[in-house]
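The figures that follow rest on heavy atoms only: side chains count, while hydrogens, waters and symmetry mates do not. Residue numbers start from 1 in every chain, and the chains themselves are labelled A, B, ... in the order their sequence lines are given, proteins ahead of strands. Worth saying up front: this structure is predicted, and the values here are computed from it rather than measured.
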Number of protein chains: 4
Amino acid sequence: MSTKFTPAEAADILIETARGFYAKRWMEGTSGNLSIRIRSDEMDAPLRYLITASGHDKGALTANDFVLVGEGGQVLEPAGAKSSAETLLHEAIYQLHEEATAVYHVHTLAATYLSMHAVEPEGVLTFSDLEMIKGLGFDTHEVAIRLPAIENNQDMILLSQEVLRRLEPFVPGFILKGHGVYTWGRTPAEAKRHVEIWEFLFQYRMMAWVTAVNPQANLLLNRM
Amino acid sequence: MSTKFTPAEAADILIETARGFYAKRWMEGTSGNLSIRIRSDEMDAPLRYLITASGHDKGALTANDFVLVGEGGQVLEPAGAKSSAETLLHEAIYQLHEEATAVYHVHTLAATYLSMHAVEPEGVLTFSDLEMIKGLGFDTHEVAIRLPAIENNQDMILLSQEVLRRLEPFVPGFILKGHGVYTWGRTPAEAKRHVEIWEFLFQYRMMAWVTAVNPQANLLLNRM
Amino acid sequence: MSTKFTPAEAADILIETARGFYAKRWMEGTSGNLSIRIRSDEMDAPLRYLITASGHDKGALTANDFVLVGEGGQVLEPAGAKSSAETLLHEAIYQLHEEATAVYHVHTLAATYLSMHAVEPEGVLTFSDLEMIKGLGFDTHEVAIRLPAIENNQDMILLSQEVLRRLEPFVPGFILKGHGVYTWGRTPAEAKRHVEIWEFLFQYRMMAWVTAVNPQANLLLNRM
Amino acid sequence: MSTKFTPAEAADILIETARGFYAKRWMEGTSGNLSIRIRSDEMDAPLRYLITASGHDKGALTANDFVLVGEGGQVLEPAGAKSSAETLLHEAIYQLHEEATAVYHVHTLAATYLSMHAVEPEGVLTFSDLEMIKGLGFDTHEVAIRLPAIENNQDMILLSQEVLRRLEPFVPGFILKGHGVYTWGRTPAEAKRHVEIWEFLFQYRMMAWVTAVNPQANLLLNRM
């Protein structure tokens, strides 16, 4: 459960993780971004994290395709590089959750679809009753978790403020409408697990959505 | 058709099998667990089996990610390790079926969905008429097999008792609602084959379920 | 466009082809079988072909997992081996089509589903209008091809007779109900291409089938 | 952002790109074709591009499976080779868009289905509101882009004229009915990104199409 990585170690982990997510088609068209916090031994050291640079094929990242970022989205390395606009969403999570070591944003079909068509009136997607929910950090499947669904906005300052206002306690994630899911973890492995679990839940919901078009399906099953 | 493995041999098989199942997205978010019985040359040797430890990425298991377990879920190695709660379900199968050498539990989307929405009034899912059924150990496709669907329960002692009570003769498997399928085989290869066949049957049923929403689909086909 | 292979060359091709089909989930649970004809320089040499033995994991075949078969399904090598019952279907194709060098049978979900739910009254599945059809050996997409769908039968002699009676001229394939598709080609590469094209057409038909459940879908599209 | 490649470099990129697209099942049955422009240092050098030869397995291309083509579809190398009929569509794009360095045509299920069933009365498919749209070269998701859908035709001269007549400004792509999508980019990486984004949009539209069969689905979701 290591939470302390050099930038080079973080890049290695993110290269491998992005390759895996890309293979699952969760980072198509250079979409999404992944980051790992770089912790310091000094007290009160300012926030630093390594994040994927924009516009690179997530299936074939190299050590040059990352940016080291500090507070306010300031690029620390490489000199002269520009950080992604979405960097501010990663910063918002790291500032709120001191224990978060990795923030992963992927852009899956099911998340995109549900965020546009299946958001409940309270502005959330609710999941319950499935064993898989336990992998998000709950002790039982007998719980209803609410994932905030937030209107997409190209103004990242307004968007990150809205995200912080809307996060649900104990729920490691939010979804941007038409855009994709953000999640995080105390370790990179935990963040990866959360990505997989959210996507499982999204695909499950898609199945339920598709079959919900006719409530008589339940009656028909036994006649097939 | 080997059925006798050292713990190291069993770990090698399970690492490879888990990697394959993970690649198919059947063990997302560290879900599922796989075990192989460790047979002894001694008469009346007590039950021992090697099982995946909880919480590890099933796509990247190493030899350290297993636990050797004896009767009552007791961890024999490594010293001080704690076994997964679901170990008792593996034990129940090994005690009931002396010929079972491997017990595999995966957590697929289709299994999860069907277990929540398509269980028949008798508490089973029934499959028939498909050639693929023969791979579960039947001589013909002209048979109806019933897969027990059992209410999920975080109390593993109660759950394993219920499982034993509900197993169907000749049917190598059961499904936990909202959770996934368990199956087994006389060899690891047979257990793997059973996993693949159950999942094929589940996906087939999902197709039938989705299209069953309108009984006129049969009539419409010829007009497409 | 080689059509002449030694048994060892044929095994290499089939190992690689089966691994690819398995990765696509078209040979789950050890299902399906693949063969390549072994041509001889002698005039009027009797039929010989190398075929996958039953019961082996198609994702991990080895050179030992094949049988050399002659007329009447007789096993020529290895001595004492028993050929698969379905060998007679391969023989029927080789006898009818002298130019066929490979016969491939895979067991896909879409083929299985369509064979059980979407067969037209004439006992065929019809495909038309798609560019992909040209890959089956037609010069244009403006053609309707009919794939025979044949009742499954565990008696392989009766089944192979029925297959020969039902084959459509110029259409390289037939489907067994609840079982899967057979196709062939003048070269192994052509047989592989035919498998891929049939499966593309099957998946296309599945999409049409799912959306056909409500004829108003056409009207609704523009309001989405 | 390199745009200048030797034929050997172009072949290496296309081999790798085709392997990736094939793995995603976007070039089944030897379908589709990919090309890269070969730029010259000379002023007013005539058009040259390297394109995949017809009929080869796109998952296993070798350096011999390409043709160097000049204006009017003339094969420059290898001597005596015949270019694919669809070469003229690549030429039309290269002539119209001087900045285009790669033209990619893939043949996906979703594109094929939508082109046959979901074309809007104006002869286009419209996409809007999704963040992914930005990857096609737009600054915001708040835009509606129109992808021309063009009747398939085995006469490639007529077809390429129709394509040029129908292209939409700023939209890097068109779809042939029953056939698949063409797209391009200033670099091979950009063309690959466009392929992935079109396919994401197509799959999203398929989801919407399937669930649109019943407008009450929105109401039902909250009762699931």
Ring-face cation contact, B:Phe174 with B:Arg166, 6.0 Å cut, 45° max: no

Scan B:Leu125, B:Leu114, B:Leu136 and name whichever one has a side-chain contact (heavy atoms from CB on, under 4.5 Å) with B:Leu201. B:Leu136

Compare every heavy atom of A:Val119 with every heavy atom of A:Ser115, then report the nearest pair and how far apart it is. O-CG2, 3.4 Å

Under 6.0 Å from the CZ atom of A:Phe170, do we count more than 12 heavy atoms belonging to anything else shown? no

Between B:Gln74 and B:Glu91, do the side chains contain a donor N or O and an acceptor N or O under 3.5 Å apart? no

Just by modelled atom types, is the A:Arg39 backbone N or O under 3.5 Å from a matching donor or acceptor in the A:Tyr49 side chain? no

Do A:Glu131 and B:Asn152 have side-chain atoms, one donor and one acceptor, less than 3.5 Å apart? yes

Heavy-atom contact with chain B under 4.5 Å, split by part of A:Lys134: side chain

Counting only heavy atoms closer than 4.5 Å, note whether B:Thr108 contacts chain A via side chain, backbone, both or neither. backbone

Which members of residues 175-185 of chain A, sorted by number, sit under 4.5 angstrom from chain B on a heavy-atom basis? none

Go through the atoms of B:Ser31 and report whether side chain, backbone, both or neither lie under 4.5 Å from a heavy atom of chain A. side chain

